[in-house]
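The structure appears below as structure tokens.
Quick caveat: nothing in here was measured; it's all calculated off a predicted structure. To find a chain, count down the sequence lines: A is the first, B the second, and so on, and within it residues start at 1. Heavy atoms only: backbone and side chains are in, while hydrogens, waters and symmetry mates are out.
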Amino acid sequence: MKSEPDVFGIDDLRNAPDKTEHWDGVRNYQARNMMRDDMKVGDKVLFYHSNCKEPGIAGLAKVVREGYPDHTSWDPESKYYDPKSTPDNPRWFMVDIKFVRKFKRVITLVELKAHPLLEAMPLLRRGNRLSIMPVTQDQWNIVVGLT
DNA sequence: GCCAACGTTGGC
DNA sequence: GCCAACGTTGGC
């Protein structure tokens, strides 16, 4: 899962109440579908820092609540407001994730790209801007092994 | 339903 | 700040 550290980084997750936060504001159908349909409690998360000085994986989190409607989508005050989404017919979904640990150092995008066995990671595929992407267990093991 | 225009993402 | 890549919008 990608996040901009200037907006909400791994430290913000660690400092959140119960080290848990809801992943609101996702307004992309593919990412929504993954949160709504695929992600389960206990699923492990690589927490990626994007759009920053040192893009890369900063730590680990886990899913603690499965997909449920993103209430910011029907809040006119929210910058994520979508008039087509209502409590009765929600268009956007989110999950809750909880901090697991922060890596001692960021596993940089450069480093990930250089690893031959990570070539197939959606994160590293050219032009992929999805904020949520699947990771295989093998890929997970390699990434965690780089710390 | 096509597709040009536009907005956003995000690395560099 | 540039710009490639991609998703969305909306006219037709």
Atom [atom1] of [X] and atom [atom2] of [N]: how far apart are they, to the nearest Å?
X: A:Leu130; N: B:dG11; atom1: CG; atom2: P; value: 13 Å
X: A:Lys79; N: B:dT8; atom1: NZ; atom2: P; value: 11 Å
X: A:Leu123; N: B:dG11; atom1: CG; atom2: C1'; value: 12 Å
X: A:Tyr80; N: B:dT9; atom1: OH; atom2: C1'; value: 13 Å
X: A:Met1; N: B:dT9; atom1: CE; atom2: P; value: 16 Å
X: A:Gln30; N: C:dG7; atom1: CD; atom2: C1'; value: 10 Å
X: A:Asn28; N: B:dT8; atom1: CG; atom2: P; value: 14 Å
X: A:Trp92; N: C:dT8; atom1: CH2; atom2: C1'; value: 10 Å

- Query: Is it the case that A:Arg65 places NZ or CZ above or below the six-membered ring of A:Tyr68, under 6.0 angstrom from the centre and within 45 degrees of the axis?
  - Reply: yes

- Message: Just to be sure I understand the geometry, which residues of residues 109-116 of chain A put a non-hydrogen atom under 4.0 Å away from DNA chain C?
- Response: none

- Message: Membership question, hydrophobic clusters at under 4.5 Å side-chain separation (ILVMFWY): are A:Val135 and A:Phe99 in the same one?
- Response: yes

- Message: If hydrophobic clusters are built from ILVMFWY residues whose side chains come within less than 4.5 Å, do A:Val106 and A:Leu112 share one?
- Response: no

- Task: Tell me which of A:Tyr29 and A:Arg126 sits closer to the 5' end of DNA chain C, going by the nucleotide each one is nearest to.
- Result: A:Arg126

- Between A:Arg27 and A:Arg129, whichever has its closest DNA chain C nucleotide further toward 5' is A:Arg129

- Task: On the 0 to 90° scale, with breaks at 30° and 60°, tag the A:Trp23-A:Phe47 ring pair as parallel, tilted or perpendicular.
- Result: perpendicular

Would you please say whether a donor-acceptor pair under 3.5 Å links the side chains of [X] and [Y]?
X: A:Tyr29; Y: A:Arg91; value: yes
X: A:Asp75; Y: A:Tyr80; value: no
X: A:Thr72; Y: A:Arg27; value: yes

- For B:dT9, take OP1 and OP2 only and decide whether either is under 4.0 Å from a side-chain N or O of A:Lys2. no

- Are OP1 or OP2 of B:dG11 and a side-chain N or O of A:Tyr48 less than 4.0 angstrom apart? yes

